[in-house]
Amino acid sequence: MPEITHYAPGMFCWFELGTSDAEAAKKFYGELFGWTANDMPAGPDMIYTMLQRDEKDVGALYQLTEEHKSKGVPPHWLPYICVASADESAAKATELGGTVAMGPIDVFDAGRMAVVADPTGAVFAIWQPASSIGAKLRDEPYTLCWNELWTSDTTKAVEFYTKLFGWATKLGDMGPMVYTELMNDGKPIGGMLPITPEMGEVPPHWLGYIRVEDCDVTADKAKTLGADIKLPPTDIPNVGRFAVIQDPQGATFAIIKLTQPA
């Protein structure tokens with residue numbers, strides 16, 4: 001597995017879980033994806049756990065604080081997008097109608113970050129790397145391979161993200177559903193779809209996809225580990241087979257078995 005040493009601005013570079021039960025989450029994802037947990041002190045009362053595969057960082061998790069819970073922050077996965085300047089990108093996000101929920105702040109010597117909500121409410125983070133670029137592995141089995149925006153307003157979202165990150169868009173061939181591919185410097189990095197009435201009361205959010213070797217087997221294993229299968233294994237023509245899963249604490253992610261190697 002080649003180790004990543006650099007992310008261009010506009011690329012998804014990190015994936016972080018805020019959870020209500022860090023020990024249970026480490027056990028769940030360790031058994032499901034083979035991730036190992038490396039606990040690191042991140043303050044007087046905080047542990048930041050690096051999630052690793054083959055001793056390389058693929059993401060992280062941390063325990064939500066009582067303050068988070070009092071503000072109604074649910075367990076969630078948060079994608080990070082690489083930027084040249086966290087301060088400039090945060091200011092630009094505000095100009096474009098987004099809301100800076102936290103930061104910009106320095107994370108020790110690792111980098112500088114901010115948490116942003118787009119104009120429709122979907123939340124993501126921006127990352128200006130210093131000593132840490134983010135994930136050292138991705139697009140490999142049992143690592144992050146795709147990020148997908150579920151939004152209530154695709155027109156507003158396209159305007160926001162293309163102006164903020166310089167992304168290009170193109171309509172994908174997904175049958176009756178309108179699906180927009182997101183491109184960074186010509187490379188497909190994610191997608192976007194509209195939240196329809198049939199989906200129920202789903203808030204705008206980013207959904208991360210973990211690549212797996214067998215979608216059905218992994219979904220079944222997640223269920224035996226206490227997860228809720230929100231969307232059972234489903235084929236995407238010419239792409240692969242995917243499922244949407246909610247972990248035992250309530251954070252949602254997707255898995256996908258790709259038809260062709262990434």
Side-chain angles (χ1 to χ4, degrees), residues 12 15-21 24-25 28-29 32 59 61-81 93-94 96-102 115-125 144 146-161 164 169 171-172 174-182 190-210 215 218-219 222-223 225-236 239 241-256:
F12 289 93
F15 194 41
E16 176 187 88
L17 173 66
T19 181
S20 58
D21 190 334
F28 172 79
Y29 288 100
L32 187 63
L61 67 79
Y62 66 94
Q63 178 97 22
L64 291 170
T65 66
E66 290 304 318
E67 182 181 359
H68 287 132
K69 295 173 186 176
S70 69
K71 292 180 179 179
V73 177
H76 64 283
W77 280 100
L78 181 71
Y80 280 60
I81 301 166
T94 302
L96 294 170
T99 303
V100 177
M102 185 185 78
V115 177
V116 179
D118 74 19
T120 74
V123 178
F124 62 95
L144 183 70
W146 193 250
N147 288 275
E148 187 174 81
L149 176 65
W150 294 36
T151 181
S152 56
D153 191 329
T154 54
T155 300
K156 188 179 290 186
V158 165
E159 181 179 9
F160 176 79
Y161 288 102
L164 181 59
T169 62
L171 289 179
M174 300 292 283
M177 182 180 69
V178 177
Y179 194 86
T180 304
E181 284 191 30
L182 304 171
M192 177 174 64
L193 57 87
I195 297 171
T196 64
E198 294 77 20
M199 296 177 182
E201 295 185 6
V202 178
H205 66 281
W206 280 97
L207 180 70
Y209 280 66
I210 304 297
C215 181
T218 304
K223 190 172 182 179
L225 293 171
D228 184 14
I229 310 303
K230 307 302 287 186
L231 180 68
T234 303
D235 289 326
I236 306 173
V239 175
R241 187 166 173 82
F242 83 111
V244 178
I245 298 170
Q246 186 176 67
D247 74 19
Q249 287 70 52
T252 303
F253 62 96
I255 58 173
I256 187 165

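The figures here come from the full heavy-atom set of this structure, side chains too, leaving out hydrogens, waters and symmetry mates. All of these numbers come straight from a predicted model, not from anything done at the bench.
- Thr120 and Asp118 form a side-chain donor-acceptor contact under 3.5 Å, judged by distance and modelled atom types alone.
- Outside the 6.0 Å centre-distance limit, the rings of Trp206 and Tyr80 are not counted as a close aromatic pair.
- Donor-acceptor pairing under 3.5 Å is recorded for the side chains of Thr196 and Glu198.
- Under the 4.5 Å side-chain criterion, counting only non-hydrogen atoms from C-beta, Tyr179 is in contact with Glu148.
- Summarising the geometry of Gln249 relative to Pro75, their closest heavy-atom pair is O-CG, 3.1 Å, with the distance given to 0.1 Å.
- Side-chain contact between Thr180 and Leu193: absent, with no pair of heavy atoms (C-beta onward) separated by less than 4.5 Å.
- Formation of a donor-acceptor pair under 3.5 Å by the Thr99 side chain with backbone atoms of Gly97 is not found in this model.
- Lys69 and Glu66 are joined by a salt bridge, as a carboxylate oxygen and a charged side-chain nitrogen come within less than 4.0 angstrom of each other.
- What you find for Thr151 and Ala157 is that their closest heavy atoms are OG1-CB, 4.0 Å.
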> How far apart are the C-alpha atoms of Leu17 and Tyr62, what are their side-chain angles, what is the distance that settles it, and do they pass the side-chain contact (heavy atoms from CB on, under 4.5 Å) test?
Replying inline: CA-CA 6 Å; Leu17 173 66; Tyr62 66 94; over 6 Å; no

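- Interatomic distance, Tyr29 OH to Leu61 CG, rounded to the nearest 0.5 Å: 8.5 Å.
- With a 4.5 Å cut-off on side-chain heavy atoms, Val123 and Leu78 count as touching.
- Here the CG-CD distance, from Leu164 to Glu159, works out to 12.0 Å after rounding to the nearest 0.5 Å.
- Rounded to the nearest 0.5 angstrom, Leu182 CG and Met192 CE are separated by 6.0 Å.
- Closest approach of Cys215 to Ala243, counting heavy atoms only: SG-N, 3.8 Å.
- By the 4.5 Å heavy-atom criterion applied to side chains, Leu207 and Asn147 are not counted as neighbours.
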>> Pair Leu231, Phe242 - check side-chain contact (heavy atoms from CB on, under 4.5 Å), show working.
In response: CA-CA 9 Å; Leu231 180 68; Phe242 83 111; 3.3 Å; yes

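- Taking all atoms of both residues into account, the shortest heavy-atom contact from Ser152 to Pro204 is OG-CG, 3.8 Å.
- Distance CG/Asp228 to CD1/Ile245: 10.0 Å, rounded to 0.5 Å.
- Leu64 approaches Gly18 most closely through the heavy-atom pair CG-C, 3.8 Å.
- Considering OG1 of Thr19 and NE2 of His76, their distance stands at 10.0 Å, rounded to 0.5 Å.
- Contact annotation: the side chain of Val158 never approaches that of Phe160 to less than 4.5 Å [non-hydrogen atoms, C-beta and beyond].
- Under the 4.5 Å side-chain criterion, counting only non-hydrogen atoms from C-beta, Ile255 is not in contact with Arg241.
- Nearest heavy-atom pair, Pro119 versus Gly98, reported as atom, atom and distance to 0.1 Å: CG-N, 4.1 Å.
- Ring planes of Phe124 and Tyr161: tilted class, angle from 30 to 60°.
- A side-chain donor-acceptor contact under 3.5 Å links Gln63 to the backbone of Ser20.
- Listed by chain and residue number, Trp77 satisfy the ring-ring contact (aromatic ring centres under 6.0 Å, His included) test with Phe15 (two or more places apart in sequence, or in another chain).
- Put simply, the side chain of Ile256 does not reach to within 4.5 Å of the side chain of Ile210, judged on heavy atoms.
- Rounding to the nearest 0.5 Å gives a distance of 9.5 Å between CG of Leu149 and OG1 of Thr154.
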